[in-house]
Participant: 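Got a structure here, written out as structure tokens. Questions coming.
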Amino acid sequence: MLTRRAFAVAATRGLARGLSSRAARVLDALDIAGDREIPGVYDGEWHGAGDVLESVCPATGEVLARVRSASPEELHAALGRAREAYAFFRSVPAPRRGEILRQIREALAAKRDELGALVSLEMGKIRTEGVGEVQEFIDIADYAVGLSRMMNGRVVASERPGHSILEVPNPLGVVAVLSAFNFPVAVYGWNLALSLAAGNATLWKPSATTPLCSIAVTKIVSSVLERNSIPGAVAALVTGGKDVGESIVESQDVDMVSFTGSEHVGRIVGRTVQSRFGKVLLELGGNNASIIMPDADLALAVPAVFFGAVGTAGQRCTSTRRLYLHRTVAAAFLSRLQSLYAAVRPGDPLAPATLLGPLHTRAAVGVYSAAVERLRKSGAEILAGGAVCRDLAGPLGGGNYVLPTIAVPRGVDVADPIWREETFAPVLCVGVFDELEEAIGWNNGVPQGLSSSLWTRDLRNVGKWIGPAGSDAGIVNVNVGTSGAEIGAAFGGNKSTGWGRESGGDAWKQYVRWSACTINFSDEAPLAQGVQFSSTA
Ligand code: NAD
């Protein structure tokens with residue numbers, strides 16, 4: 001943790017940009033200049049003439065850099081260049097595209113720790129999670145290298161003699177990726193890797209509060225593209241806020257919008273893209289539950305719930321927000337969980353010993369406080385936390401720290417906003433049940449359907465949980481927490497989480513244009529279903 005004195009010394013050590021040494025070290029390692037405005041648009045060249053975005057460190061409140069976002073003209077031009085880049089790239093053989101991805105993977109791996117530190121500095125998650133996020137990009141790049149030789153179509157048996165039917169995947173066009181603040185590297189990675197393997201041009205609009213992560217990643221990716229004489233707009237970047245996002249979503253030049261963010265914005269994005277018959281992939285909010293059965297191994301379950309609820313300061317889409325405890329284990333579980341909560345102290349996310357970093361913005365602190373206040377007013381018992389942390393020493397006093405909170409509302413009512421809304425902060429609501437069916441009903445009774453987790457050793461419970469009457473979420477875990485997925489399976493949620501799937505599994509199939517091609521290699525031209533359309537018949 002930084003002391004006030006250490007910070008003052010660092011600040012006076014002649015850092016020309018006036019940045020703390022803590023921040024300067026991280027930015028320097030990635031060649032990001034904090035002392036002048038940074039261009040936030042890349043479409044083969046770097047520029048930026050739009051509004052200025054300030055990147056603010058959530059841990060200290062320090063302004064890290066100022067970024068010039070995309071003006072409307074620049075966005076228009078970037079979309080044009082992305083279209084041109086697509087026209088070139090779609091004809092590059094897929095395994096060759098895979099080779100470019102392999103080089104991107106290598107370039108990312110060489111900067112893994114530096115990029116991970118930047119994620120920590122700009123987003124606020126602890127360093128190991130920042131590095132883990134970059135690792136996720138590396139992993140999906142590996143996956144997509146293999147995929148580039150396996151994006152197979154099918155041959156379908158035809159009912160007509162001398163005919164064959166092929167289902168053929170071709171590149172789709174320009175894919176826009178609109179990403180959320182909380183995964184400022186990995187979400188783009190999941191999308192870029194599949195989109196690039198599929199032969200598309202990808203245009204990224206990151207969150208307006210994490211422009212530096214997107215610039216650092218784009219520098220790494222573009223250096224590989226340039227080395228291979230591939231147009232840079234194959235991986236274009238346009239930083240900006242809501243206006244830039246809206247223009248992308250409305251643009252007919254964008255064939256698919258992959259949107260990751262809140263339910264509220266996702267609803268608008270989904271409608272807009274649908275209204276122009278574009279393709280849309282939605283990855284929206286989660287309101288994830290863990291269920292603890294009487295036979296659960298508490299030595300495993302308690303730390304997993306702790307990580308799910310407190311990790312990333314509760315700012316993962318898969319964070320554990322609801323905890324349903326079987327009556328027979330409720331007291332023991334809560335007492336162990338409270339001990340872990342009592343021991344955790346907020347601190348500098350870049351420091352190796354810190355488990356709890358800040359919330360991303362000041363506004364998020366307000367959202368946390370309002371949620372705690374609402375719980376208190378409704379009569380919920382607050383077992384841990386429930387307060388904003390204003391007493392951190394030195395520069396951390398300017399950060400957005402809150403105490404992770406455990407609340408036991410007066411009962412479980414999934415119609416109540418306490419249970420059915422996603423609060424993007426470390427607030428865990430606890431309910432007590434008697435029968436698994438009751439807990440599954442509560443798990444499924446909310447609008448969201450992202451992640452869910454059951455803790456049991458009884459195979460009968462497992463069968464119920466993953467079967468037709470079980471969890472309706474996109475991620476259904478057993479003896480694994482709600483948070484922290486691998487890239488191999490398709491990732492995403494059902495219901496108001498948007499039904500999107502990214503990353504592994506069959507997710508790649510959304511990034512291509514499918515055609516059914518019937519080929520007649522006979523000397524007749526029969527119609528399907530035996531239809532006759534001849535006057536001599
Ligand atoms: P957000 O919805 O505020 O912003 C997401 C993106 O949309 C940003 O790039 C933002 O600039 C842009 N945007 C804002 N208004 C827009 C508009 N009208 N039109 C087009 N674009 C617009 O979300 P956030 O606060 O950055 O992220 C947190 C949310 O994201 C949480 O709800 C979280 O659960 C969700 N999330 C979901 C997943 C998932 O995979 N399901 C992953 C990460 C985050």
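Just follow the structure's listing: the first ligand is 1, and inside any ligand the first atom is 1. Residues: numbered from 1 along the sequence shown. Values below: all heavy atoms of this structure, side chains included; hydrogens, waters and symmetry mates excluded.
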Participant: Out of His360, Lys205, Lys242, Glu250, who gets a non-hydrogen atom closest to atom 11 (O) of ligand 1?
Facilitator: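 Result: the heavy atom closest to atom 11 (O) of ligand 1 is in Lys205.
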Participant: What is the closest protein heavy atom to atom 20 (C) of ligand 1, and at what distance does it sit?
Facilitator: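 Answer for atom 20 (C) of ligand 1: Gly245 C, 3.4 Å.
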Participant: Among all protein heavy atoms in this structure, tell me which lies nearest to atom 8 (C) of ligand 1, with the distance rounded to 0.1 Å.
Facilitator: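 Of every protein heavy atom, Ser179 O, 3.3 Å lies nearest to atom 8 (C) of ligand 1.
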Participant: Ligand 1 and Phe259, any nitrogen or oxygen pair closer than 3.5 angstrom?
Facilitator: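 No; the residue has no nitrogen or oxygen that sits under 3.5 Å from a nitrogen or oxygen of the ligand.
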Participant: Going by the closest heavy atom to atom 34 (O) of ligand 1, which one wins out of Glu502, Glu263, Glu422?
Facilitator: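 Checking each option, the heavy atom nearest atom 34 (O) of ligand 1 is found in Glu422.
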Participant: For Val273 and Phe259, run side-chain contact (heavy atoms from CB on, under 4.5 Å): C-alpha distance rounded to whole Å, both residues' side-chain angles, the deciding distance at 0.1 Å, then the answer.
Facilitator: CA-CA 11 Å; Val273 180; Phe259 175 85; over 6 Å; no
Participant: Identify, for atom 2 (O) of ligand 1, the protein heavy atom at the shortest distance, and state residue, atom and that distance.
Facilitator: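 For this ligand atom, the closest protein heavy atom is Ser262 OG, 2.6 Å.
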Participant: Got the closest protein heavy atom to atom 40 (O) of ligand 1, with its distance?
Facilitator: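 Going by distance alone, atom 40 (O) of ligand 1 is nearest to Phe491 CE2, 3.2 Å.
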Participant: Nearest to atom 16 (C) of ligand 1 by heavy atom, Asn288, Val265, Val269: which?
Facilitator: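 Considering heavy atoms of Asn288, Val265, Val269, the nearest to atom 16 (C) of ligand 1 sits in Val265.
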Participant: For atom 41 (N) of ligand 1, which protein heavy atom lies nearest, and how many Å away is it?
Facilitator: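 Going atom by atom, the protein heavy atom closest to atom 41 (N) of ligand 1 ends up being Leu284 O, 2.7 Å.
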Participant: Identify the protein heavy atom lying closest to atom 27 (O) of ligand 1, giving its residue, its atom name and the separation to 0.1 Å.
Facilitator: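 Minimum-distance protein heavy atom for atom 27 (O) of ligand 1 reads Ala180 CB, 3.2 Å.
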Participant: Give me the nearest non-hydrogen protein atom to atom 43 (C) of ligand 1 as residue plus atom name, then the distance to 0.1 Å.
Facilitator: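 Protein heavy atom at minimum distance: Asn182 OD1, 3.2 Å.
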